[in-house]
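For ligands, and for the atoms within them, numbers begin at 1 and follow the listed sequence. From a predicted model like this one, the values you see are computed outputs, not experimental measurements.
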Amino acid sequence: MKNHTVCNSGAAVQTEAEIAELCVHLRSVFQERRTSGYAWRKEQLMQLQRFLEEREEDILQALHEDFRKPQTETWFTEIHYLLTEITVALRHLRRWMKPVTVHTPLRYQPGRSYYICEPCGVVLNIAAWNYPLQLSLAPAVAAIAAGNCLVIKPSEMAPATAALLSDGLKDYLDSDAIRVVQGGAEVTASLLTHRFDHVFFTGSQQVGRLVLSAASRHLTPVTLELGGKSPCIVDKGTNIDVAARRIVWAKYINAGQTCISPDYVLVQSAIRQDLLDALQRAIDAMYGPGSRERGAYAGIISEGHVRRLQELMKGGSIVCGGGSDAQSRYVEPTILTDVSLSSPLMQEEIFGPLLPVIAYDTPEEAVAVVRSAGDPLALYIFSPQRHVYEYFMGHIHSGGVCINDLLFQAAIPALPFGGRGTSGIGRYHGRSGFETFSRLRSVHRKGTFPENALRYPPFGSLKFKLLQQLFKRFH
Ligand code: NAD
């Protein structure tokens with residue numbers, strides 16, 4: 001292996017042997033129970049908060065360097081998002097760590113039953129590039145809150161952010177327990193040969209399968225935060241201008257490189273043209289001439305991704321936008337119609353600023369289009385009528401839903417976030433992240449008095465009948 005480093009302790013790890021050594025080291029730190037207590041968790045979360053606040057300028061610059069991510073977008077979707085997750089964790093940590101007492105049936109009393117959330121142990125977070133800071137650190141917030149030792153593997157596709165994490169975090173966090181490993185597929189594969197107690201992965205379905213398979217060798221539980229084609233259904237009767245503005249905002253933030261971005265729009269035929277006109281007006285207002293020069297619109301992560309999007313564009317008629325330049329990694333906000341459902345545009349996750357708009361006549365037709373692509377990560381429905389959105393929610397399974405808006409289902413810290421079926425396994429954010437990185441341990445505690453002699457064999461018929469009555473009557 002070459003060109004990868006493990007940082008934080010100051011010593012860069014260069015070989016597979018060093019990765020192995022790191023894993024052994026983290027396990028011994030975990031076994032010392034150093035990370036389990038409230039004080040350590042609180043201190044690390046506060047230090048992470050300090051990192052985000054004190055290194056804000058460096059973060060803004062790194063994400064700009066990686067793909068010209070606009071400063072406002074970086075602040076809201078990465079820095080502020082993470083600060084909120086930390087605040088929530090700090091506010092609730094003591095309560096989350098408390099044992100939860102449950103009912104003990106009368107027939108098993110006297111005794112007390114409860115469960116505790118214990119740290120998993122040594123965990124691995126493999127991040128995608130599209131929200132490079134958020135996806136490296138939001139699972140880390142949950143893993144730290146739950147008292148784990150942790151390896152963070154940022155995406156090599158966003159090298160400036162990965163370098164900042166690797167160089168920067170070591171000055172803030174306990175580098176004996178929390179490490180950043182830089183590198184690509186080869187490094188991730190090498191990490192996955194070792195036993196972790198939980199693997200958290202954000203990325204594509206294709207790599208998600210590899211991660212799941214590698215983790216299965218150690219029977220390691222995984223969380224897979226994957227992508228897919230999230231639809232936005234626009235029903236007649238909705239406020240078209242508001243719907244269009246919200247769709248454009250959600251689609252073109254991060255230049256469409258968002259896992260919960262509306263991948264395509266399904267609009268009822270009667271309002272198709274009105275919606276197309278409103279979408280164009282919204283694009284002009286938000287991303288009109290000069291927005292690229294002003295740094296108000298993100299770039300595409302690589303020339304290869306621009307070329308992929310250029311190919312996808314061939315799958316429909318361009319209504320607006322369509323401009324692109326691979327060298328400067330730019331693709332204009334684009335709307336397409338006349339899209340065949342069998343074209344690659346509708347067969348793969350777009351993950352860029354191309355928005356196919358497809359008309360439907362009946363709700364059944366819309367449901368069939370969505371179902372053909374597997375369970376989406378997000379489902380968006382614009383309709384003022386409850387029976388309409390309940391119909392779509394009832395007939396389409398998805399990780400999350402947002403009605404009459406978009407993206408907010410992922411921004412509310414108390415809502416669990418994750419996919420279902422092809423869009424992922426498991427959840428995080430807020431308390432659900434803490435639970436993901438915890439193992440629930442059940443405890444039943446008894447005294448040695450009184451002693452119920454009925455429980456022990458031999459069981460004569462009278463004793464058996466008595467026991468049956470006891471079990472039937474005392475819940
Ligand atoms: P990716 O699967 O290519 O890479 C993700 C991570 O896996 C990276 O750290 C990469 O180094 C590593 N990796 C790549 N190939 C590997 C291999 N062969 N073996 C082991 N590790 C490997 O994904 P990406 O391009 O970084 O991200 C885009 C995808 O992520 C999209 O599908 C998007 O929808 C999804 N995504 C999902 C969420 C979510 O929360 N559900 C969030 C962001 C992105």
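The closest side-chain heavy-atom distance from Tyr297 to Pro70 is not below 4.5 Å. Residues Leu192 and Leu124 meet the side-chain proximity criterion, which asks for heavy atoms closer than 4.5 Å.
Taking a distance limit of 4.0 Å, we find that atom 24 (P) of ligand 1 is approached by some protein heavy atom.
Counting heavy atoms closer than 4.0 Å to ligand 1, residue Ile260 contributes nothing at all. With a 4.0 Å heavy-atom cut-off, ligand 1 is reached by the side chain of Leu135 but not by its N, CA, C or O. With a 4.0 Å cut-off on non-hydrogen atoms, Ile126 touches ligand 1 through its side chain and not its backbone. Only the side chain of Phe417 comes within 4.0 Å of ligand 1, judged by heavy-atom distances.
Tyr389 has its ring centre no less than 6.0 Å from the ring centre of Phe382. Ring to ring, Phe196 and His218 are not that close: their centroids are 6.0 angstrom or more apart.
An N or O contact shorter than 3.5 Å links Trp129 to ligand 1 by distance. Below 3.5 Å of separation, one finds an N or O of Lys153 facing an N or O of ligand 1.
Annotation: atom 21 (N) of ligand 1 to nearest protein heavy atom, Thr188 CB, 3.2 Å. Scanning the protein for heavy atoms near atom 17 (C) of ligand 1, the closest one is Ala185 CB, 3.5 Å. In terms of protein heavy atoms, atom 22 (C) of ligand 1 is closest to Val207 CG1, 3.4 Å. Remark: minimum distance from atom 31 (C) of ligand 1 to any protein heavy atom is reached at Glu349 OE1, 3.5 Å. Ranking the protein heavy atoms by distance from atom 18 (N) of ligand 1 puts Leu210 CD1, 3.5 Å first. Of all protein heavy atoms, the one closest to atom 11 (O) of ligand 1 is Glu156 OE1, 2.6 Å. In terms of protein heavy-atom proximity, atom 27 (O) of ligand 1 is nearest to Ala128 CB, 3.4 Å. What sits closest to atom 6 (C) of ligand 1 on the protein, heavy atoms only, is Ala127 O, 3.5 Å.
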For the pair Tyr428 and Phe437, evaluate ring-ring contact (aromatic ring centres under 6.0 Å, His included) and give the outcome as yes or no after the intermediate values.
-> CA-CA 9 Å; Tyr428 74 132; Phe437 284 104; 8.0 Å; no

ring-ring contact (aromatic ring centres under 6.0 Å, His included) between His429 and Tyr81: does it pass, once the steps are laid out?
-> CA-CA 10 Å; His429 290 189; Tyr81 173 84; 5.5 Å; yes

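The contact set between ligand 1 and Glu225, taken as ligand atoms under 4.0 Å from a residue heavy atom, comprises 37 (C), 38 (C), 39 (C), 40 (O), 41 (N). Ligand 1 places these atoms under 4.0 Å from at least one heavy atom of Phe351: 28 (C), 31 (C), 33 (C), 34 (O). Each of the following atoms of ligand 1 lies closer than 4.0 Å to a heavy atom of Leu377: 41 (N).
Considering only non-hydrogen atoms, atom 37 (C) of ligand 1 lies nearest to Cys259 out of Gly399, Gly228, Cys259. Comparing Thr202, Val187, Ile301 by heavy-atom distance to atom 5 (C) of ligand 1, the nearest is Thr202. If you check each of Asn125, Asp263, Asn130 against atom 43 (C) of ligand 1, the one with the closest non-hydrogen atom is Asn130. When Ala378, Gly184, Pro132, Ser204 are checked for heavy-atom proximity to atom 3 (O) of ligand 1, Ser204 turns out nearest. For atom 29 (C) of ligand 1, the candidate residues are Gly208, Ser302, Gly203; the nearest heavy-atom contact is made by Gly203.
Here the straight-line distance linking atom NE2 of His194 with atom CZ of Arg217 works out to 11.0 Å at 0.5 Å rounding.
Both the sub-6.0 Å distance and the 45° axial angle are satisfied by Arg292 relative to the ring of Tyr330.
Relative orientation of the His92 and Trp96 rings is parallel, given thresholds of 30° and 60° on the angle between their planes. The aromatic rings of Trp249 and Phe408 sit parallel, their planes meeting at an angle under 30°, below the 60° perpendicular limit.
The environment of CD in Gln61 is sparse: at most 12 heavy-atom neighbours from other residues, nucleotides or ligands sit within 6.0 Å. The local environment of CD in Glu53 is crowded, with over 12 non-hydrogen atoms from other residues, nucleotides or ligands closer than 6.0 Å. The number of heavy-atom neighbours closer than 6.0 Å to CD of Gln327, taken from other residues, nucleotides and ligands shown, is 12 or below.
Phe201 counts as a contact of ligand 1, since one of its heavy atoms falls under 4.0 Å from the ligand.
A donor-acceptor pair under 3.5 Å is formed between the side chain of Ser423 and the backbone N or O of Asp375.
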